[in-house]
Protein chains: 2
Amino acid sequence: MSGERHYNIPSEATMDVIGGKWKIIVLCHLSYGPKRTSEIKKKMPDITQKMLTQTLRELEEDGIITRTVFNQVPPKVVYELSEMGVSLQPILDQICEWGEMYLNEKSKVIRGQAKEQLLT
Amino acid sequence: MSGERHYNIPSEATMDVIGGKWKIIVLCHLSYGPKRTSEIKKKMPDITQKMLTQTLRELEEDGIITRTVFNQVPPKVVYELSEMGVSLQPILDQICEWGEMYLNEKSKVIRGQAKEQLLT
DNA sequence: CCGGATCCAAAGAGATACTG
DNA sequence: CAGTATCTCTTTGGATCCGG
């Protein structure tokens, strides 16, 4: 994020930090508390280790999360929202809430369609 | 969006709809009112027409925006947040606010570094 | 074993020219 | 003006290997 790029609206700065395919979902999981790599991976079965590592690195570089290494065998690494990351909490919460609402609306539509089919 | 995919957390449903490189920025601009294609393009100089068209199509398909075609020469097409899109407004607002805050914090750090250099 | 790195293929995005 | 087609380049995915 040292690229000193120009932003047309402030939202672009936000998306520069939390944009990308996986970042927001990772942050949503970390918003429930610190987690080690394998725990995040378990919550996100569809992400590859590679993308998970890359996503976590970028979030760390931008100061959104912290990374703590426990020198032990087997290794243990814990990720946690930083102060800056915690300031994203309202956004993360609303993204979750909106998703619940959207899925609800969609299932209503699907039930409605089923009803229509029964009537034809 | 007919893919009936499984979501591990509701946030994934949200990101399915407003994720991707450009969607949120387009929605932020539309949150200030309806706009025609060329107006959005002017506000987003870095997006290509191709990606703009594609982004608008996907948002329309998911019921987040509406597309109104005026049959005239030259053509005129106006995009607007749908009711579902308006329900995203709080998220869009907060993404903008957070960006402002983040840019502020970052410039503080940069000024701090300049100050340090003056002292060495 | 756990967390991460490397290499190669696939998918997504950028640039540009073109159509109604 | 709005949108398409094609080609190129970047980002993401998948398999495999490494260090502790």
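Heavy atoms only: backbone and side chains are in, while hydrogens, waters and symmetry mates are out. Convention: sequence-line order gives letters A, B, ...; per-chain numbering from 1.
Of the N and O atoms on the side chains of Tyr7(B) and Asp16(B), at least one donor lies less than 3.5 Å from an acceptor on the other residue. Judged purely by distance below 3.5 Å, without hydrogens or angles, the side chains of Asn104(A) and Glu100(A) never pair a donor atom with an acceptor atom.
Along DNA chain D, the nucleotide nearest to Glu58(A) and the one nearest to Arg36(B) differ in position, and the one closer to the 5' end is contacted by Arg36(B). If you find the closest nucleotide of DNA chain C to Arg67(A) and to Val73(A), the one lying nearer the 5' end belongs to Val73(A). Checking Val77(B) against Pro74(A), the closest nucleotide of DNA chain D that is more toward the 5' end is the one next to Val77(B).
In this structure, Ser38(B) reaches the dA2(D) phosphate: one of its side-chain N or O atoms is under 4.0 Å from OP1 or OP2. An OP1 or OP2 oxygen of dT12(D) is reached within less than 4.0 angstrom by a side-chain nitrogen or oxygen of Gln54(A). For dA13(C), the OP1/OP2 oxygens have no side-chain nitrogen or oxygen of Thr48(B) closer than 4.0 Å. Contact check, Trp22(B) against dG14(C): a side-chain N or O comes under 4.0 Å of OP1 or OP2. Residue Arg57(B) places at least one side-chain N or O under 4.0 Å from the OP1 or OP2 atom of dG3(D).
Asn71(B) has its CG atom 15 Å from the C1' atom of dG3(D), to the nearest Å. To the nearest angstrom, C1' of dT19(C) lies 17 Å from NZ of Lys50(B). In this structure, Asp16(A) places its CG atom 12 Å from P of dT11(D), rounding to the nearest Å.
Within 6.0 Å of NZ on Lys35(B) lie more than 12 heavy atoms contributed by other residues, nucleotides or ligands. Atom CD of Glu83(B) has 12 or fewer neighbouring heavy atoms from other residues, nucleotides or ligands inside a 6.0 Å radius.
Comparing atom distances between the Thr53(A) side chain and each of dG3(D), dG4(C), dT12(D) picks out dG4(C) as nearest.
Residue contacts shown for Tyr79(B) are limited to sugar-phosphate atoms, with no base heavy atom under 4.0 Å away. Using a 4.0 Å heavy-atom criterion, one finds that Lys21(A) contacts the sugar-phosphate atoms exclusively.
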